[in-house]
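Values in this document were obtained by computation on a predicted structure and should not be read as measured data. For ligands, and for the atoms within them, numbers begin at 1 and follow the listed sequence. Sequence positions, counted from 1, serve as the residue numbers for this chain.
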Amino acid sequence: MKKAVITGVTGQDGSYLAELLLSEGYQVHGIVRRSSTENFERIGHLTDRITLHQADLLDQSSLTTVLEEVRPQEVYNLAAQSFVPTSWKQPVLTTEFTATGVTRLLEAVRQVDPKGIRVYQASSSEMFGKVQEVPQREQTPFYPRSPYGVAKVYGHWITVNYRESYGMYCVSGILFNHESERRGKEFVTRKVTDGVAKIKLGLARELRLGNLDSKRDWGFAGDYVRAMWLMLQQEAPDDYVIATGETHSVRELVQNAFDCVGLDWKKYVVEDPAMIRPAEVDLLIGDPSKAMKVLGWKPQVTFPELVRRMVFADLQRYQRTVPVETRKAA
Ligand code: NDP
Ligand code: GDR
């Protein structure tokens, strides 16, 4: 039985990846950081089938200890401070988790079993930032626009460097935005679908957003974790862009989401200048042709399907948890 370790298992992608690996017959081990209350909302349904280990990307020896204990064949490094606006407020912490944390994990792998463990690094389209080419592909130069993006560029190159320096099987997956009903509520897709559900049920009157003009290539997280896994099943390690090849503005996202419940978004959305970022990534659109050709990967869920699925998941959640008498349907 193959064994895999996932850092960031409590996050959106960690939960989908754990499900996928279990379905592929893996023994799955997840790394969680210590906190005073458990944060297993996304993996509650899996805790009897996966093994959790306390460790932290900030603590080198804790990572080495987990790898010594488990002796996995595959390690997926999904842990990061992943919210872009926070990276301006906590730039040093973001660097420690998202950049230097990658080196700590790679060093742990190098010490424990450099030839036997394959490593996936969760790189990001935020590395393209102020895009130097449209669409963005593996060779497109990076121009990050946030401390988060800068940290991810470091994570990408240190991964490539360990591959080239030590002959380790390390890959960097350059994933464009991917979403789901498990997405954190601060990210724009989930903020919008959660807001639409609340407005529809009379639990909120407005939705405050930042830049409606920025454009993203949004896919479904469940499709993207399959690409991560495929990257570690190849004969030779390589880096891949994972995207849908389509781009949509935040405005289109908002319109699609309000359309799902038959409401006019213009009556509810307030543009709030306080939410504009110090430096924006205006346009992202990826070219996934290498992944399609080499990995045989293809996204399954379209943009309208994704938005619909998220809106209805949020509606159902509020319908389940909020008493009818507190709701005043819009
Ligand atoms: P989430 O923010 O949902 O999850 C991040 C995870 O990292 C959480 O499990 C969190 O744990 C964990 N974590 C944070 N800091 C530490 C630490 N110091 N030690 C151990 N664990 C830590 O992210 P996603 O699932 O959306 O993304 C997964 C990865 O992919 C991230 O690296 C992200 O930057 C990257 N990425 C994401 C994209 C997307 O669109 N979703 C696109 C491209 C890249 P806790 O629960 O304790 O907070
Ligand atoms: P992003 O995702 O920064 O692309 O990073 P996010 O959903 O936060 O923003 C996308 C775009 O929407 C605009 N926007 C808003 N964003 C948020 N969060 N809240 C708002 O109210 C709002 N209004 C407009 C933003 O300005 C931006 O242009 C995500 C994260 O998952 C990263 O970890 C990952 O690496 C990248 O995707 C690929």
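The minimum heavy-atom distance linking Tyr143 with Gln132 is given by the pair CD1-NE2, 3.2 Å. The shortest non-hydrogen separation linking Gln73 to Met1 is OE1-O, 4.3 Å.
Within the cation-pi definition used here (under 6.0 Å to the ring centroid, within 45° of the axis), Arg110 qualifies as a partner of Tyr166. Stacking of Lys290 on the aromatic ring of Tyr240 is recorded, both the 6.0 Å distance cut-off and the 45° axial limit being met. Judged by a 6.0 Å distance limit and a 45° cone about the ring axis, Arg183 is positioned over the six-membered ring of Phe187.
Remark: ligand 1 and Ala122 share no N or O pair separated by less than 3.5 Å (distance only, no angle test). Looking at ligand 1, you'll find an N or O of Ala80 within less than 3.5 Å of one of its N or O atoms. Looking at ligand 1, you'll find an N or O of Gly11 within less than 3.5 Å of one of its N or O atoms. Here's the thing with Leu78: one of its N/O atoms is less than 3.5 angstrom from an N/O atom of ligand 1. Below 3.5 Å of separation, one finds no N or O of Ser124 facing any N or O of ligand 1. Of the polar atoms of Ser125, none of the N or O atoms is found under 3.5 Å from an N or O of ligand 1, judged by distance alone. Note: no N/O pair closer than 3.5 Å links Ser123 and ligand 1 by distance alone. Ligand 1 has a nitrogen or oxygen under 3.5 angstrom from a nitrogen or oxygen of Tyr148.
Residue contacts with ligand 2, taken as heavy atom pairs separated by less than 4.0 Å, involve Ser214 solely via side-chain atoms from C-beta onward. With a heavy-atom cut-off of 4.0 Å, Glu186 touches ligand 2 through its backbone alone. With a 4.0 Å heavy-atom cut-off, ligand 2 is reached by no atom of Glu179. Both the backbone and the side chain of Leu209 come within 4.0 Å of ligand 2, counting heavy atoms alone.
By the 30° and 60° cut-offs, the orientation of the rings of Trp297 relative to Tyr224 is perpendicular.
For ligand 1 and Asn177, the ligand atoms under 4.0 Å from any heavy atom of the residue are 40 (O). Below 4.0 Å from some heavy atom of Gly210 lie the following atoms of ligand 2, by number and element: 21 (O), 22 (C), 23 (N), 24 (C). Atoms of ligand 2 found under 4.0 Å from any heavy atom of Glu280 (numbered from 1 in listed order, with element): 25 (C), 26 (O), 27 (C), 28 (O). Close contacts of ligand 2 with Phe83, meaning ligand atoms under 4.0 Å from a residue heavy atom, involve 8 (O), 18 (N). Set against the non-hydrogen atoms of Ser82, the atoms of ligand 2 under 4.0 Å away are 30 (C), 32 (C), 33 (O). If you number the atoms of ligand 2 from 1 as listed, the ones under 4.0 Å from a heavy atom of Val250 come out as 12 (O), 13 (C). The ligand atoms of ligand 2 that sit less than 4.0 angstrom from a heavy atom of Tyr148 are 32 (C), 33 (O), 34 (C), 35 (O). Within ligand 2, the atoms closer than 4.0 Å to a non-hydrogen atom of Ser125 are 38 (C), numbered from 1 in the order shown. Those atoms of ligand 1 that come under 4.0 Å of a heavy atom in Arg183, given as number and element, are 26 (O), 39 (C), 40 (O), 41 (N). In the vicinity of Val84, heavy-atom distances shorter than 4.0 Å reach the ligand 2 atoms 3 (O), 5 (O).
By the side-chain contact (heavy atoms from CB on, under 4.5 Å) test, Trp88 is found to be paired with Val84, Ser146, Pro147, Arg277, Pro278, Ala279, residues two or more places apart in sequence or in another chain being considered.
Under the 3.5 Å distance criterion, with hydrogens and angles disregarded, a donor-acceptor pair is assigned to the side chains of Asp13 and His178.
With hydrogens left out, the protein atom closest to atom 27 (O) of ligand 1 is Asp13 OD2, 3.7 Å, a heavy atom. In terms of protein heavy-atom proximity, atom 13 (N) of ligand 1 is closest to Ala79 CB, 3.8 Å. For atom 3 (O) of ligand 1, the closest heavy atom belonging to the protein is Gln12 N, 3.1 Å.
With Glu19 as the fixed residue, the salt bridge (charged side-chain N to carboxylate O under 4.0 Å, His left out) test singles out one of Arg42, Arg49, Arg182: Arg182.
Leu284 has its side chain within reach of Glu126: a pair of non-hydrogen atoms, C-beta onward, lies under 4.5 Å apart. Residues Glu24 and Trp229 meet the side-chain proximity criterion, which asks for heavy atoms closer than 4.5 Å.
Note: Asp239 CG to His156 NE2 = 5.0 Å, rounded to the nearest 0.5 Å.
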Discussion item. Between Tyr16 and Phe220, is the side-chain contact (heavy atoms from CB on, under 4.5 Å) condition met? List the steps.
Written reply: CA-CA 11 Å; Tyr16 281 108; Phe220 170 55; 3.9 Å; yes
Worksheet entry | Audit row: Leu315, Lys200, side-chain contact (heavy atoms from CB on, under 4.5 Å) steps and yes/no | CA-CA 8 Å; Leu315 264 179; Lys200 180 67 183 171; 4.0 Å; yes
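Of the possible donor and acceptor atoms, none in the side chain of Thr7 sits under 3.5 Å from a partner among the backbone N and O of Ile31. Not a single donor-acceptor pair under 3.5 Å links the side chain of Arg145 to the backbone N or O of Lys130. Looking only at distances, no side-chain donor or acceptor of Ser87 sits under 3.5 Å from a matching main-chain atom of Phe83.
Ligand 2 is never approached by Arg251 to a heavy-atom distance shorter than 4.0 Å. Contact annotation: Lys152 has at least one heavy atom less than 4.0 Å from an atom of ligand 1. For Thr7, the closest heavy-atom approach to ligand 1 does not fall below 4.0 Å.
The closest heavy-atom contact to atom 17 (C) of ligand 2, among the options Asp13, Val188, Thr86, comes from Val188. Considering each of Arg216, Arg277, Glu271, the one bringing a non-hydrogen atom nearest atom 3 (O) of ligand 2 is Arg277. Closest heavy-atom approach to atom 29 (C) of ligand 2 among the candidates Asn211, Asn177, Leu283: Asn177.
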